[in-house]
Amino acid sequence: MKKILILCTGNSCRSQMAHGYLQHFAGNKALVYSAGIETHGVNPKAIAVMKGDAIDISHHTSNLIAEYLNIDFDFILTVCDNAKENCPVFPGNSKRLHFNFPDPAKAVGTEEAINEAFLAVRDSIKSYCQTFVKEQLNES
């Protein structure tokens, strides 16, 4: 079973959504963890948009990266530039992958515009996670 760590700045939106999707798509092929350089709590809007796609992340917690420094991860996925630039060195031979998703928590405007930003990022993360599982976890 592969061990995957998803990193973001605050472990509140992007990494939480990726955590939910990777857990869903990978099934028993992976143990999925998520963490942040800081912790901001799981964003209620992230929980809501994931629930809209039948993925429940309401039980997730916002964790600091330091909690996982002793785990030998197979993959470390950074989902924002800040996390990539500030990611500490992990032991072992983790494969590092990076994609900078926009932060939906920084969206401004009407409630509708903010919700659309969350949905757009969610859908991008979903697609990324599906591709990751297909390319990295499916047995050849």
Requested in this report: Output, in order, the C-alpha distance, side-chain angles, deciding distance and verdict of side chain to side chain contact (heavy atoms under 4.5 Å, CB included) for M1 and K29.
Outcome: CA-CA 5 Å; M1 186 173 295; K29 295 178 185 174; 6.0 Å; no

Requested in this report: Check the pair T39, N11 against side-chain hydrogen bond (donor to acceptor under 3.5 Å, both in side chains), reporting the backbone distance first and the verdict last.
Outcome: CA-CA 6 Å; T39 58; N11 193 217; over 6 Å; no

Report task. Could you name each residue pair satisfying ring pair (Phe, Tyr, Trp, His ring centres under 6.0 Å) that touches residues 41-61, not counting sequence neighbours? Result ->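 Residue pairs with at least one partner in residues 41-61: H19-H60.
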
**Report entry** ring pair (Phe, Tyr, Trp, His ring centres under 6.0 Å) against F75, all qualifying residues, sequence neighbours excluded
**Finding:**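 Ring pair (Phe, Tyr, Trp, His ring centres under 6.0 Å) list for F75, sorted by chain: F132.
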
Query - Contacts of Y33 that satisfy ring pair (Phe, Tyr, Trp, His ring centres under 6.0 Å) - sequence neighbours left out - result: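 If we apply the ring pair (Phe, Tyr, Trp, His ring centres under 6.0 Å) test to Y33, skipping adjacent residues, the hits are Y68, F73.
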
Query - Sequence-distant partners of D123, salt bridge (charged side-chain N to carboxylate O under 4.0 Å, His left out), two or more places apart - result: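 Result, salt bridge (charged side-chain N to carboxylate O under 4.0 Å, His left out) vs D123: none returned.
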
Query raised in the report: Under the salt bridge (charged side-chain N to carboxylate O under 4.0 Å, His left out) test, which residues partner D103, sequence neighbours left out?
Result: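 Partners of D103 under the salt bridge (charged side-chain N to carboxylate O under 4.0 Å, His left out) test: R14.
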
**Report entry** Pairs meeting criterion salt bridge (charged side-chain N to carboxylate O under 4.0 Å, His left out) with involvement of residues 31-56, two or more places apart
**Finding:**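 Of all non-adjacent pairs touching residues 31-56, those that pass salt bridge (charged side-chain N to carboxylate O under 4.0 Å, His left out) are K45-E111, D53-K126.
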
Query raised in the report: Can I71 and L5 be said to form a side chain to side chain contact (heavy atoms under 4.5 Å, CB included), step by step?
Result: CA-CA 9 Å; I71 297 175; L5 176 63; over 6 Å; no

Query - Minimum heavy-atom distance between S15 and V79, given as atom pair plus value - result: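 Smallest heavy-atom distance, with atoms named: N-CG2, 3.9 Å.
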
Report task. Grab the two heavy atoms, one from P102 and one from P104, that are nearest each other, plus how far apart they are. Result ->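 Shortest heavy-atom contact: O-CD, 3.1 Å.
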
Just jot down the side-chain contact (heavy atoms from CB on, under 4.5 Å) partners of [X], sequence neighbours excluded, or say none.
X: I47; value: V42, I57, S58
X: E112; value: T110, E116
X: A117; value: A107
X: Y128; value: L77, L97, F99, F101

Query raised in the report: For K95, what residues pass the side chain to side chain donor-acceptor pair (under 3.5 Å) criterion, not counting sequence neighbours?
Result: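 Scan of K95 (side chain to side chain donor-acceptor pair (under 3.5 Å), adjacent residues dropped) gives Q136.
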
Requested in this report: Just jot down the side chain to side chain donor-acceptor pair (under 3.5 Å) partners of S62, sequence neighbours excluded, or say none.
Outcome: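 Testing S62 for side chain to side chain donor-acceptor pair (under 3.5 Å), a comparison that skips the adjacent residues, returns none.
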
Query raised in the report: So I37 and L7, side chain to side chain contact (heavy atoms under 4.5 Å, CB included) or not? Walk me through it.
Result: CA-CA 8 Å; I37 306 301; L7 293 176; 5.6 Å; no

Query raised in the report: Checking D81 side chain against N100 main chain: does a donor-acceptor pair fall under 3.5 Å?
Result: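 Not a single qualifying donor-acceptor pair exists.
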
